[in-house]
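Scope of the values below: all heavy atoms of this structure, side chains included, with no hydrogens, waters or symmetry mates. Chain letters run A, B, ... following the sequence lines, proteins first, then strands; residues in each count from 1.
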Protein chains: 2
Amino acid sequence: MTPHTPVGRPLRPQGKLLQEDARRHHRSLLLQQLFRDGPASRADLARASALTRVTVSDLVGEMVAEGLVTELGAPEGSRVGKPPMLVGLAADSHHIIGLDLSETDSMSGAVVNLAGTVLARHEVHVDGAEGEQAVELVLRLATELIAMTDRPVLGIGVGSPGVVDTAGTVIDAPNLAWTDTPLAARLAAALDLPVFVANDANTAVLGEHTFGESGDGGLMVLRVGTGVGAGFVLGGSLLHGHLGAAGEIGHVVVDPDGERCACSRTGCLETVLAAPRLRRTVAAPGVDGPAALADVGRQLGEVLAPIVAALNLHEIVLSGPAELLDGPLLDAANRTIRERTMPISSTGLAVRTSKLGEDVVVVGAAVLVLAGELGVS
Amino acid sequence: MTPHTPVGRPLRPQGKLLQEDARRHHRSLLLQQLFRDGPASRADLARASALTRVTVSDLVGEMVAEGLVTELGAPEGSRVGKPPMLVGLAADSHHIIGLDLSETDSMSGAVVNLAGTVLARHEVHVDGAEGEQAVELVLRLATELIAMTDRPVLGIGVGSPGVVDTAGTVIDAPNLAWTDTPLAARLAAALDLPVFVANDANTAVLGEHTFGESGDGGLMVLRVGTGVGAGFVLGGSLLHGHLGAAGEIGHVVVDPDGERCACSRTGCLETVLAAPRLRRTVAAPGVDGPAALADVGRQLGEVLAPIVAALNLHEIVLSGPAELLDGPLLDAANRTIRERTMPISSTGLAVRTSKLGEDVVVVGAAVLVLAGELGVS
DNA sequence: CCGGATAAGTAAGTGCGGTGAACTAACTAA
DNA sequence: TTAGTTAGTTCACCGCACTTACTTATCCGG
C-alpha cells in the first residue's frame, strides 16, 4: 500500500523504475511476509516470495545488519535435512510515533512498535490553541513522545481532523483553524524524520485493516465522535478522493425535515448520529432508548445502503462509544442495509464494532508510517 | 491501470519484480505518453519519462521494429540543433475486438484500433440462447469480427452483463443463464488470444475515462438501459469490489413504498429509472413529463448523495437515452446531490451525460485490452 | 560562407541486481 | 557407514539502464 507520499523522500514508482526500486520492493515483500505470518526461515521466505534463496539471503542479511530483522534459532520439530534458522521482524528495533489530533480538547499520541503495540502514551491539552499555535503544540507533543523512547524512530504518523491531501497538507480543519496548512512538511522539517499525515478516519481504517480482524475485501470504518466521518480501504489501499475529502459523510442529509445542522443544512447524519447527540437522545425523559437508537440505526442504514451496493464492501466497522453503537443501533443499520440492497451486495458483508478502541487512530497513524517506510501493512 | 488479469499471460508485479518487468513498465510509460499527448521525439519522451535518451532510443527502436510505433518525420517549426524525428503510436498496427453482451436481444461487437476508433461493427441475435449456447455465440461473434480485420489482433475485450470477477469469470448473469462461467478462459483457449472480461458498466466507465472528456479524479458512469448499473474508476483504476459486484446499484431501494420489483423488493432504483420504465412514465396520459423526470432525478440524487460524499467523486456521467436523461432528470439529480452533501464534496463534482453514445461499452472493452496488453489507458 | 552553439540520436563501456548451477553444512533413515 | 534431504552460500553470468563520449544536423553571428 502507498497511502501517502512521505515528506523528504523519493516518491514511489509511478514514473521510471530503477533496479534500486526493485530491491526496495523485494525487501518490502519479505518484511510483509514476516509481518503478516510471523517468523520464517530464509528458505520459507524464498518459497513464499518466488525469489531465489540467494537473493533472499542477501536481503535478509542486509536487514539483519540494520537490526530490522533478527535470527531466532531453529524451530522445535525435527525433520530431515539441515534445520532452518528462523528470522523474524525485530518489533522493537525501531519505534513509531502515532498522533491523534481528532479529540476535542486534547491531542494525544503514543509510542508504537513495529508490531502495532502501544508502548507509551502522552497527551497535551489544546486550550483553544489554533492555527500556528496548534502546529507548535503538535510539534511539542511529537518531541515529547520521541524523548520517551530510546529506539530510533522510524517516522511520525498523524491522524488529523478535517480534509488532508496526499502530500500531508491539511486543506481544512475548522476546529484547529487550519487551512492549507502543510503539517507534514512542517513536522518533517522540524524533526528531520519522515512524516505522514491523513484524516483521522483514514488512519482509523488503516489501523483496523492492518491490526483488526478484517479480511481483504473493501473495508469501511465509520467513526462516531464529536462528528461523524468515515474512511475506506479498497483494493488494499486507502481511498483519498478527488480533493482528499473521501469519507466526509457526516453532513449527508438523512432527513430533510430533521434538525438544523451547524453546516446550515437540515437533517445531516451528524444531527442524529454524533456521540453527544446520541447521549442526549437516549437520556431524554420519556424516551425509549433502544427504540431511539434503532431509529438512528435505520437512518444510518439508509445512508450506507447505496455505498454498500456501489462499492460491494466486505466489512463495515463502527468505531466510537460501544454502549451506544453496539446493540439496537448496529442491528438496525445492518437490517436496513440488507433490506435495501441485493443479496449479492449484502451477503458478503459483515457489520460490526471495532475491537481496537480509541487506539485505532494512533495505531492507524503508525500503519501510515509502516506502509510508507517499510512497505508493510 | 491493471484492471484485469490477462488470461494466459504472466500476472502483474504484486510479487517479485524482474528487470524484464521494469522494461515492460518503461515501454508502457512511453506508449502511454504517445497515447495521451500524441507524437513526440525520442528526446521529448526522454524528458517526459525521466529515462535517458539512450534508453528511450532503445525502447523506441524495439517498438518501431514491432510496428507499434512509426517515425513521422520532423516537425515544421525550425529551432537550433538537429531537428527531432517525431515518433507516434501506429494506431492501426494492431486492432482490438470489443464485444458488448449487455443488450437484450443481440450481442454486438466492433473492430477498434489503438486510438479507440471504431472501424467495423457486427452483431448476432441471441434468439434465446443461454448458458453454453450463449458462450458459443460469443465465440462466433468474436471469430467473425477477427475475420473482418487484416491486422494482428491485440486481444479481445468483453463487456458482459452480470457480475464478473477479476479473472474474467462471469459469476452470475441471469439473462444469459451464466453462473461461474469462465468466459475469458473459454475464449482465450479457443481463440489463442488475450481475453479480458468485465461487467458492461465497468467497461463503460473505462471507455469514458480513457476516451471521454473526464479528468483524473474519481469517475462514476451510471448506465441506464434495460436495467441500471454503474462502474467506478477511482485513483486511476477500475473498482471491482469484494465479490466483483461493485456498481450494482440498480436494486438499491429508493422508495420503500414504491412499486414491486422483479427482485422481490419494493421501490428499487430500477423500478423508476430503467429506460423502458422511464418511457412509460413520460408517455402516461395526463402526466407532466418533465416534472415526472425531475422526480426520478431527485430520487436518483438521493441514492447518489451518500456515494458522492463517501468517495469524493470528480465526475458522474449518465449513459443511456439522452432524450430522457439529459434535462430535468439530470438537473434534478444534480440539484439533489448538492442539497444533500457538503460543498467540499460537491463543488469539485460535475454531473453530465456521456458523449460517447452506445459505443462506450465496446470502446471500454478495447480499453481493457489496451491496459492489459500495452499498459495504456 | 564558415566556425560556434545547440540539440538529437548512437556506440561503447560500467554497475547493479537477480539468476542458475554447484557447493558446503547439517541433519535423518536404514 | 552410506544415501537422501533440506538450508544456506559462493560464483559466474545476464539483462537493463546508466554514464561518457561521440556523430549528425541544424541555426546564428560574424
Which residues pass the side chain to side chain donor-acceptor pair (under 3.5 Å) test with [X], not counting sequence neighbours?
X: Thr55(B); value: Thr52(B)
X: Glu208(B); value: Arg352(B), Ser354(B)
X: Asp216(B); value: none
X: Asp44(A); value: Ser41(A), Arg47(A)

| Nucleotide interval of DNA chain C bounded by contacts with chain B (heavy-atom cut-off, under 4.0 Å) | dT6(C) to dT19(C)
| Arg42(B) (side chain) donor-acceptor with Arg53(B) (main chain) under 3.5 angstrom | no
| Exam field: side chain Glu315(A) to backbone Gly215(A), donor-acceptor pair closer than 3.5 Å |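 Looks like yes, one N/O pair under 3.5 Å.
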| field | Leu29(B) CG to Leu51(B) CG distance, which is reported to the nearest 0.5 Å | value | 6.5 Å
| query | Measuring from Thr166(A):OG1 to Leu243(A):CG, what's the distance to the nearest 0.5 Å? | reply | 11.0 Å
| field | All salt bridge (charged side-chain N to carboxylate O under 4.0 Å, His left out) counterparts of Glu66(B), not counting sequence neighbours | value |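 Testing Glu66(B) for salt bridge (charged side-chain N to carboxylate O under 4.0 Å, His left out), a comparison that skips the adjacent residues, returns Arg27(B).
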| query | Taking only residues two or more places apart in sequence or in another chain, which ones pass salt bridge (charged side-chain N to carboxylate O under 4.0 Å, His left out) with Arg186(B)? | reply | Glu132(B)
| note | Hits for side chain to side chain contact (heavy atoms under 4.5 Å, CB included) against Ala190(A), two or more places apart or cross-chain, chain-then-number order -> Leu139(A)
| Which residues pass the side chain to side chain contact (heavy atoms under 4.5 Å, CB included) test with His242(A), sequence neighbours left out? |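 Partners of His242(A) by the side chain to side chain contact (heavy atoms under 4.5 Å, CB included) criterion, ordered by chain and then number, come out as Asn312(B), His314(B).
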| task | Classify every nucleotide of nucleotides 16-24 of chain D by which part a protein heavy atom approaches to under 4.0 Å, writing B for the base, S for the sugar-phosphate alone and - for neither, in 5'-to-3' order. | result | SSSBB---B
| query | Counting any heavy atom closer than 4.0 Å, what does Arg27(A) reach on the DNA or RNA strands: base, sugar-phosphate only, or nothing? | reply |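 Contact class for Arg27(A): none.
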| Hey, what bend do you get for the helix from dC1(C)-dG30(D) to dA30(C)-dT1(D) if you fit axes on five pairs at each end, rounded to 10°? | 10°
| query | Would you say the side chains of Thr149(B) and His95(B) form a donor-acceptor pair under 3.5 Å? | reply | yes
| task | Could you list by number each residue of residues 32-44 of chain A showing a heavy-atom separation from DNA chain D of less than 4.0 Å, or answer none if no residue does? | result |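 Residues of residues 32-44 of chain A that come under 4.0 Å of DNA chain D are, in numerical order, Ser41(A), Arg42(A), Ala43(A).
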| When you match Pro83(A) and Pro83(B) each to their closest nucleotide on DNA chain C, which lands nearer the 5' end? | Pro83(B)
